[in-house]
K.L.:
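Pasting a structure below so you can have a look.
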Amino acid sequence: MKIYLSSIITALVLFFAPIKGIILMVALATILDTCFGVWKAKKLGEPITSKMFRNGLIPKLVSYIAVVMLVYASDVFIINALTMSVVSVDFISTKVIALVLLSIEVKSMDENWVSVKGYSFIDKIKTIIVKLKDVKKQL
């Protein structure tokens, strides 16, 4: 039984190995968003409890990773064959879903930042990019 279970786990790990970086990025973004939330709660004097982590971080982390894995499995068996005729990017659906999840997390981090600091770091980054483009045009 132990060998059978070990074989199944090994097969799953190998199947999902190509997207380990995507899974890691989504997980890290979720954890970082939680850190921003804790930072906001401390700065605003809100209570921080372990129940918040049990009801917030863990289900969110598990669901995001499960979504990425499910879309990847669909991509491998169905979607990739269809999309490769249009776009020459492997597993584009998995990458798009990961980008959507990452953008949700970054927006959430920005909302926490605005609550504490009073300005958006996304807007600051946009402003810096526009200024750099202007400097480049002048050169």
Side-chain angles (χ1 to χ4, degrees):
M1 184 70 162
K2 186 177 178 182
I3 294 172
Y4 180 69
L5 186 59
S6 175
S7 298
I8 291 174
I9 291 173
T10 302
L12 286 173
V13 167
L14 290 174
F15 179 75
F16 291 111
I19 60 164
K20 67 180 179 247
I22 292 173
I23 291 172
L24 185 63
M25 283 180 54
V26 170
L28 287 176
T30 305
I31 292 167
L32 189 59
D33 178 41
T34 301
C35 293
F36 269 70
V38 169
W39 173 64
K40 175 188 142 192
K42 279 188 170 192
K43 289 291 185 179
L44 299 180
E46 298 171 358
I48 302 168
T49 63
S50 62
K51 183 179 180 183
M52 290 171 46
F53 289 103
R54 277 193 316 274
N55 294 335
L57 174 65
I58 303 302
K60 187 177 185 182
L61 194 60
V62 169
S63 64
Y64 279 10
I65 291 171
V67 164
V68 170
M69 293 170 90
L70 180 64
V71 170
Y72 176 72
S74 299
D75 232 355
V76 167
F77 296 116
I78 302 167
I79 300 170
N80 198 46
L82 299 172
T83 58
M84 284 301 284
S85 63
V86 179
V87 182
S88 62
V89 178
D90 278 332
F91 312 117
I92 192 163
S93 300
T94 305
K95 293 172 183 175
V96 167
I97 291 296
L99 282 173
V100 167
L101 294 174
L102 288 171
S103 67
I104 289 169
E105 292 305 304
V106 169
K107 183 63 180 160
S108 177
M109 287 181 233
D110 189 53
E111 289 169 0
N112 288 327
W113 185 273
V114 169
S115 295
V116 174
K117 295 288 187 176
Y119 63 91
S120 167
F121 69 78
I122 292 175
D123 291 340
K124 287 282 187 183
I125 291 170
K126 287 179 186 176
T127 304
I128 290 170
I129 291 171
V130 167
K131 286 180 181 179
L132 287 174
K133 284 183 178 180
D134 290 342
V135 168
K136 185 179 175 184
K137 284 180 185 177
Q138 291 175 358
L139 295 175

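Counting from 1, the numbers follow the sequence of the chain as shown.
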K.L.:
Identify the residue among L32, V100, T30, V26 that makes a side-chain contact (heavy atoms from CB on, under 4.5 Å) with E105.
P.N.:
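Going through the options one by one, the only one that passes is T30.
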K.L.:
How many angstroms lie between atom CG of L61 and atom OG of S63, to the nearest 0.5 angstrom?
P.N.:
8.0 Å
K.L.:
List in chain and number order the residues that pass salt bridge (Lys or Arg N to Asp or Glu O under 4.0 Å) with D75, two or more places apart in sequence or in another chain; answer none if no residue qualifies.
P.N.:
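If we apply the salt bridge (Lys or Arg N to Asp or Glu O under 4.0 Å) test to D75, skipping adjacent residues, there are no hits.
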K.L.:
Is it the case that the side chain of S108 and the backbone of I104 share a donor-acceptor pair, with hydrogens and angles ignored and the cut-off at 3.5 Å?
P.N.:
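Flag not set: sc S108 to bb I104 has no pair under 3.5 Å.
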K.L.:
Let me check something: do M69 and V13 share a hydrophobic cluster, defined by ILVMFWY side-chain heavy atoms less than 4.5 Å apart, either directly or through other members?
P.N.:
no
K.L.:
What distance do S74 atom OG and I97 atom CD1 have between them, rounded to the nearest 0.5 Å?
P.N.:
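Between atom OG of S74 and atom CD1 of I97 there are 10.0 Å.
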K.L.:
Measuring from I129:CD1 to D134:CG, what's the distance to the nearest 0.5 Å?
P.N.:
12.0 Å
K.L.:
Going by the salt bridge (Lys or Arg N to Asp or Glu O under 4.0 Å) test, which pairs reach into residues 85-102, not counting sequence neighbours?
P.N.:
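Found none.
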K.L.:
Determine whether F36 and V38 fall in the same hydrophobic cluster, where Ile, Leu, Val, Met, Phe, Trp and Tyr are linked whenever their side-chain heavy atoms lie under 4.5 Å apart.
P.N.:
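No, F36 does not connect to V38 through the hydrophobic network.
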K.L.:
Treat each ILVMFWY residue as a node, draw an edge where side-chain heavy atoms are under 4.5 Å apart, and state whether I78 and V68 are in one component.
P.N.:
yes
K.L.:
Among all residues two or more places apart in sequence or in another chain, which pass the side-chain contact (heavy atoms from CB on, under 4.5 Å) test with V86?
P.N.:
none
K.L.:
Linking Ile, Leu, Val, Met, Phe, Trp and Tyr by side-chain heavy atoms under 4.5 Å, what else ends up with M84?
P.N.:
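Its cluster partners, ordered by chain and number, are none at all.
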K.L.:
What distance separates T94 OG1 from F16 CZ, expressed to the nearest 0.5 Å?
P.N.:
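It comes to 9.5 Å.
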K.L.:
With sequence neighbours excluded, what pairs up with K40 under the salt bridge (Lys or Arg N to Asp or Glu O under 4.0 Å) test?
P.N.:
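Residues passing salt bridge (Lys or Arg N to Asp or Glu O under 4.0 Å) with K40: none at all.
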K.L.:
Indicate if V71 and L12 have the same hydrophobic cluster label, given that clusters are the connected sets of ILVMFWY residues with side-chain heavy-atom separations under 4.5 angstrom.
P.N.:
yes
K.L.:
Between F91 and V76, is a side-chain contact (heavy atoms from CB on, under 4.5 Å) present by the stated rule, with each step listed?
P.N.:
CA-CA 7 Å; F91 312 117; V76 167; 3.7 Å; yes
K.L.:
Among pairs that include at least one residue of residues 114-130, which meet salt bridge (Lys or Arg N to Asp or Glu O under 4.0 Å), considering only residues two or more places apart or in two chains?
P.N.:
none
K.L.:
Would you indicate whether the side-chain heavy atoms of V116 and N112 approach each other to under 4.5 Å?
P.N.:
no
K.L.:
What is the ring orientation for W113 with W39, classed by angle as parallel under 30°, tilted 30 to 60°, or perpendicular over 60°?
P.N.:
tilted
K.L.:
Can you tell me which residue pairs pass the salt bridge (Lys or Arg N to Asp or Glu O under 4.0 Å) test with a partner in residues 8-34, sequence neighbours excluded?
P.N.:
D33-K60
K.L.:
Working to the nearest 0.5 Å, report the span between OG1 of T34 and CG of L57.
P.N.:
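These two atoms lie 4.0 Å from each other.
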K.L.:
List the residues meeting ring-ring contact (aromatic ring centres under 6.0 Å, His included) with F15, not counting sequence neighbours, and say none if there are none.
P.N.:
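For F15 the ring-ring contact (aromatic ring centres under 6.0 Å, His included) partners, ignoring immediate neighbours, are Y72, F77.
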K.L.:
Anything under 3.5 Å between a donor and an acceptor, one on a side chain of residues 41-50, the other on a protein residue two or more places apart or in another chain? List them.
P.N.:
{"residue": "T49", "atom": "OG1", "partner": "M52", "partner atom": "N", "Å": "3.4"}
{"residue": "S50", "atom": "OG", "partner": "R54", "partner atom": "NH1", "Å": "3.3"}

K.L.:
Can you sort out the partners of S7 under side chain to side chain donor-acceptor pair (under 3.5 Å), two or more places apart, ordered by chain and number?
P.N.:
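By the side chain to side chain donor-acceptor pair (under 3.5 Å) rule, S7 matches no residue at all.
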K.L.:
Holding to side chain to side chain donor-acceptor pair (under 3.5 Å), I want the full list of residues that pass it with T127, two or more places apart in sequence or in another chain.
P.N.:
none
K.L.:
Answer yes or no: is there a side-chain heavy-atom contact under 4.5 Å between M109 and F121?
P.N.:
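Answer yes - side chains close enough.
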K.L.:
Are more than 12 heavy atoms from other residues, nucleotides or ligands located less than 6.0 Å from atom CD1 of I3?
P.N.:
no
K.L.:
Please identify each residue that fulfils side-chain contact (heavy atoms from CB on, under 4.5 Å) with L24, with sequence neighbours left out.
P.N.:
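Partners of L24 under the side-chain contact (heavy atoms from CB on, under 4.5 Å) test: L28.
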K.L.:
Membership question, hydrophobic clusters at under 4.5 Å side-chain separation (ILVMFWY): are V67 and V62 in the same one?
P.N.:
no
